[in-house]
Structure formats: structure tokens, C-alpha cells
Amino acid sequence: MASPSRRLQTKPVITCLKSVLLIYTFIFWITGVILLTVGIWGKVGLDVYFSLLNENATNVPYVLIGTGAVIILLGTFGCFATCRASTWMLKLYAMFLSIIFLVELIAAIVGLVFRHEIKNSFQQGYLQALQQYNSTGDPRSQAVDTIQRTLQCCGVNSYNDWGQAPYYKTHGIPQSCCRVPGNCTEADMKDMVKAGGKVFKQGCISLVTTVMESRMGVVAGISFGIACFQLVGMFLACCLSRYITNNQYEMV
């Protein structure tokens with residue numbers, strides 16, 4: 001049995017660690033809300049761009065949304081484990097933190113790596129969308145129209161790209177390329193010379209690359225920051241569990 005003075009030294013440390021871990025867990029819970037928000041923002045804000053990219057890219061927002069939801073639940077569990085001062089619950093909390101750490105780290109790395117693959121992937125997807133473009137409400141066609149209206153661009157590298165699309169032969173360049181809505185007739189859009197003075201001349205590839213890289217950079221940066229923050233939680237949970245265990249041995 002340990003001396004009373006030894007036990008008196010251990011208890012303040014446990015109390016201090018519990019207080020710090022509770023504060024950390026609350027902040028951790030807030031980061032879950034932030035990550036969930038970033039994932040939803042990435043899905044909603046970039047959905048039109050993701051629709052023209054490969055399927056691996058579209059999974060990134062879902063990973064962030066799922067991870068954020070798990071962090072919120074895990075933060076609640078961590079608060080309960082800390083208040084109960086349960087060693088096995090604290091160890092389980094640390095284990096869950098390590099798993100979430102790995103998931104977020106992978107998501108951040110995927111986001112950073114994907115930034116450099118955006119241009120080629122989007123260019124291929126956009127060219128394919130141009131070849132399959134129609135005005136009947138196809139999702140990829142709607143994505144093309146939305147991008148061209150929002151970013152005020154036309155085609156991949158320029159409006160001339162539409163000249164190779166089957167849609168151009170029957171309808172001309174889409175109205176979403178028109179600089180002034182309602183000012184472009186079908187006859188104008190079927191003539192590249194006339195259309196050149198009425199449509200956006202800049203291609204969409206450079207603009208989309210800039211938007212996607214900047215927003216994916218934000219997503220990856222936040223994911224990486226939150227992942228590193230969880231190392232602190234793992235350390236605190238393990239330390240508290242160890243001190244509680246030592247204190248129990250000292251009382252025997």
C-alpha cells in the first residue's frame with residue numbers, strides 16, 4: 001500500500017488531467033461539427049464539378065461527413081469516459097481516436113494528391129460531357145451549363161471546342177455560353193464567327209482547376225489539422241488511464 005502523501009500527490013494530477021481532457025474533448029466535439037460542415041460544404045459547393053470527375057474524387061466529401069459524424073459521437077463518449085474515470089473506456093477512447101486519426105490523415109493525403117490530378121481528370125470528363133451533351137436534362141449536361149454560366153466560360157480550352165460536339169451540328173453552341181442571355185439566336189450559335197462575338201471566349205479548364213484546387217486545399221488542410229489535433233487526445237487519454245490505474249494500485 002502506498003503512503004498517504006503519495007496518494008495525495010497522485011489525485012491532483014488525475015483531477016488536472018481530467019479537466020484538461022474534458023476541455024480537449026469539448027474542442028474535439030467542435031472539430032467534428034466543423035468537419036461535418038466542411039464535408040457538406042464540399043459536397044454541395046463542389047458537386048457540379050465532381051459530377052465531371054472520376055468516382056474516387058466524389059468520395060472525399062462523404063468521407064469527411066462520415067468522419068465528422070463519428071467524431072461528434074466519439075466526443076460525447078469521451079466526455080462520458082472522462083467523467084466516469086473508467087480506465088477501459090479511456091483506453092477505448094484512445095483507440096477510437098487513433099482510428100479516426102488514420103482515416104482523416106488518409107482523407108487529407110487523398111485531397112492533396114487529387115489536387116494535382118484535377119486538370120487531366122476534369123479535361124477528360126468535360127470533353128466527354130461535350131460529346132454527350134444534350135438539352136433534355138441530363139445531369140452531366142446540366143453540370144456543363146452550370147459551370148459555364150457560373151464561371152462565365154465556354155468549352156474546355158475555348159468556345160471552339162464545341163465545334164467538335166454532335167450537339168453543335170444541330171443546335172450550335174449551348175445558350176449557357178452566351179454572354180448576354182437572350183441575345184444569342186440559334187443561327188448565331190451555329191456560326192463560329194458570329195458566335196465568337198457573343199459567347200464567353202475563355203475555356204473552363206483553367207477556371208475550374210483554380211476553383212477546385214483552392215477548395216480541395218481547404219478541405220485537405222482542415223482534415224490534416226484536425227487529425228494532428230487528435231494526437232493530443234490520445235496522449236491525454238492514455239496518461240489519465242495510467243494515473244487512475246496507478247492510483248488504484250496505491251490504494252490496495
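Just so you know, residue 1 is the first one in the sequence shown, and it goes up from there.
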Check your understanding: With sequence neighbours left out, what residues match Ile30 under side chain to side chain contact (heavy atoms under 4.5 Å, CB included)?
Key ->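 Listed in chain order: Phe26, Ile34.
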Practice item. Return the set of residues passing side-chain hydrogen bond (donor to acceptor under 3.5 Å, both in side chains) with Ser86 (not counting sequence neighbours), or none when no residue passes. Key: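 Counting only residues at least two positions away or on another chain, Ser86 forms a side-chain hydrogen bond (donor to acceptor under 3.5 Å, both in side chains) with Trp88.
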**Study point:** CD on Gln132 to CG on Leu130, rounded to 0.5 Å
**Key:**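 CD of Gln132 is found 10.0 Å from CG of Leu130.
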Check your understanding: Is the backbone N or O of Gly182 less than 3.5 Å from a side-chain atom of Gln175, with the two atoms forming a donor-acceptor pair by type?
Key ->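 Checked: no pair found.
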Point to revise | Qualifying residues under side chain to side chain contact (heavy atoms under 4.5 Å, CB included), relative to Leu36, sequence neighbours excluded | key: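 For Leu36, the residues satisfying side chain to side chain contact (heavy atoms under 4.5 Å, CB included) (neighbours in sequence not counted) are Ile40, Ile65, Ile72.
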Point to revise | is_close_aromatic(Tyr133, Tyr168), centroid dist under 6.0 Å | key: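 No: the rings miss the under 6.0 Å criterion.
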Review point. In terms of hydrophobic clusters joined by side-chain contacts under 4.5 Å, are Met234 and Leu73 together?
Key: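 No, it is not one cluster - the side chains of Met234 and Leu73 are not joined through contacts under 4.5 Å.
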Review point. With distance as the sole test, does Ser141 use its side chain to make a donor-acceptor pair with the main-chain N or O of Asn134 at under 3.5 Å?
Key: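 Indeed, once roles are kept as given, a pair shorter than 3.5 Å links the two residues.
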**Study point:** salt bridge (Lys or Arg N to Asp or Glu O under 4.0 Å) partners for Lys190, two or more places apart
**Key:**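 Only Glu186 meet the salt bridge (Lys or Arg N to Asp or Glu O under 4.0 Å) criterion with Lys190.
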Exercise for review: Provide the closest heavy-atom pair for Gln148 versus Ser176 in the form atom of the first, atom of the second, distance.
Suggested key: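 For Gln148 and Ser176, the tightest heavy-atom pair comes out as NE2-OG, 2.7 Å.
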Exercise for review: State whether the number of non-hydrogen atoms from other residues, nucleotides or ligands found under 6.0 Å of Lys201 atom NZ is greater than 12.
Suggested key: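 For Lys201, atom NZ is not crowded (no more than 12 foreign heavy atoms under 6.0 Å).
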Practice item. Would you give the length of the straight line joining atom CG of Leu236 to atom OG of Ser19, rounded to the nearest 0.5 angstrom? Key: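 If I round to the nearest 0.5 Å, the distance is 11.5 Å.
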Point to revise | Distance in Å, Thr150 OG1 paired with Asp145 CG, rounded so as to fall on 0.5 Å steps | key: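 It is 10.0 Å, given to the nearest 0.5 Å.
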Check your understanding: Who passes side-chain hydrogen bond (donor to acceptor under 3.5 Å, both in side chains) against Gln131, sequence neighbours left out?
Key ->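 Counting only residues at least two positions away or on another chain, Gln131 forms no side-chain hydrogen bond (donor to acceptor under 3.5 Å, both in side chains).
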**Study point:** Set of side-chain hydrogen bond (donor to acceptor under 3.5 Å, both in side chains) partners for Thr185, sequence neighbours left out
**Key:**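 Testing Thr185 for side-chain hydrogen bond (donor to acceptor under 3.5 Å, both in side chains), a comparison that skips the adjacent residues, returns Asp188.
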Exercise for review: Would you sort out whether Phe28 and Val232 count as a side-chain contact (heavy atoms from CB on, under 4.5 Å), showing the intermediate values?
Suggested key: CA-CA 10 Å; Phe28 178 61; Val232 178; over 6 Å; no
Practice item. For Ala129 and Val144, work out which heavy atoms get closest and say how close. Key: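 So the minimum-distance heavy-atom pair works out to CB-CG2, 3.7 Å.
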Exercise for review: Not counting sequence neighbours, which residues clear side chain to side chain contact (heavy atoms under 4.5 Å, CB included) with Ser158? List them please.
Suggested key: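 Result, side chain to side chain contact (heavy atoms under 4.5 Å, CB included) vs Ser158: Asn160.
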Point to revise | Value rounded to 0.5 Å, distance of OG1 in Thr76 from CH2 in Trp29 | key: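 Interatomic distance, Thr76 OG1 to Trp29 CH2, rounded to 0.5 Å: 7.0 Å.
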Review point. Can you check side-chain contact (heavy atoms from CB on, under 4.5 Å) on Leu21 and Tyr24, steps first, answer last?
Key: CA-CA 5 Å; Leu21 188 56; Tyr24 165 84; 4.1 Å; yes
**Study point:** Smallest separation among heavy atoms of Arg179 and Val199, with atom names
**Key:**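 Taking every non-hydrogen atom into account, NH1-O, 3.0 Å.
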Exercise for review: Using disulfide bond (SG atoms under 2.5 Å apart) as the criterion, list what pairs up with Cys184, not counting sequence neighbours.
Suggested key: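 Testing Cys184 for disulfide bond (SG atoms under 2.5 Å apart), a comparison that skips the adjacent residues, returns Cys178.
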Practice item. Sequence neighbours left out, what passes side chain to side chain contact (heavy atoms under 4.5 Å, CB included) with Cys83? Give chain and number order. Key: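 So Cys83 forms a side chain to side chain contact (heavy atoms under 4.5 Å, CB included) with Leu22, Cys79.
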**Study point:** Which atom of Lys18 lies closest to which atom of Thr82, heavy atoms considered
**Key:**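 Shortest heavy-atom contact: CE-O, 3.2 Å.
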Practice item. Identify the two heavy atoms, one from Trp162 and one from Cys177, that lie closest to each other, and give their separation to 0.1 Å. Key: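 Taking Trp162 first and Cys177 second, the nearest heavy atoms are NE1-SG, 3.7 Å.
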Point to revise | Whether Thr170 side chain and Tyr167 backbone form a donor-acceptor pair below 3.5 Å | key: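 Flag set: sc Thr170 to bb Tyr167 pair under 3.5 Å.
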Check your understanding: Looking only at atom types and distance, does a side-chain atom of Ser241 sit under 3.5 Å from a main-chain N or O of Ala237, one as donor and one as acceptor?
Key ->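 Judged by distance alone, no pair lies under 3.5 Å.
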Exercise for review: Mind checking the CG-CZ spacing from Leu207 to Phe200? Nearest 0.5 Å is all I need.
Suggested key: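 Rounded to the nearest 0.5 Å, the CG-CZ separation comes to 11.0 Å.
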Practice item. State which residues pass side-chain hydrogen bond (donor to acceptor under 3.5 Å, both in side chains) with Thr31; sequence neighbours excluded, sorted by chain then number. Key: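 Residues passing side-chain hydrogen bond (donor to acceptor under 3.5 Å, both in side chains) with Thr31: none at all.
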Exercise for review: Can you sort out the partners of Tyr159 under ring-ring contact (aromatic ring centres under 6.0 Å, His included), two or more places apart, ordered by chain and number?
Suggested key: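 With neighbours one apart ignored, the set is empty.
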Extract all donor-acceptor atom pairs below 3.5 Å that involve side chains of residues 89-100 and protein atoms in other chains or at least two apart in sequence.
unit_1	atom_1	unit_2	atom_2	d
Tyr93	OH	Thr25	OG1	3.4
Ser98	OG	Met95	O	2.5

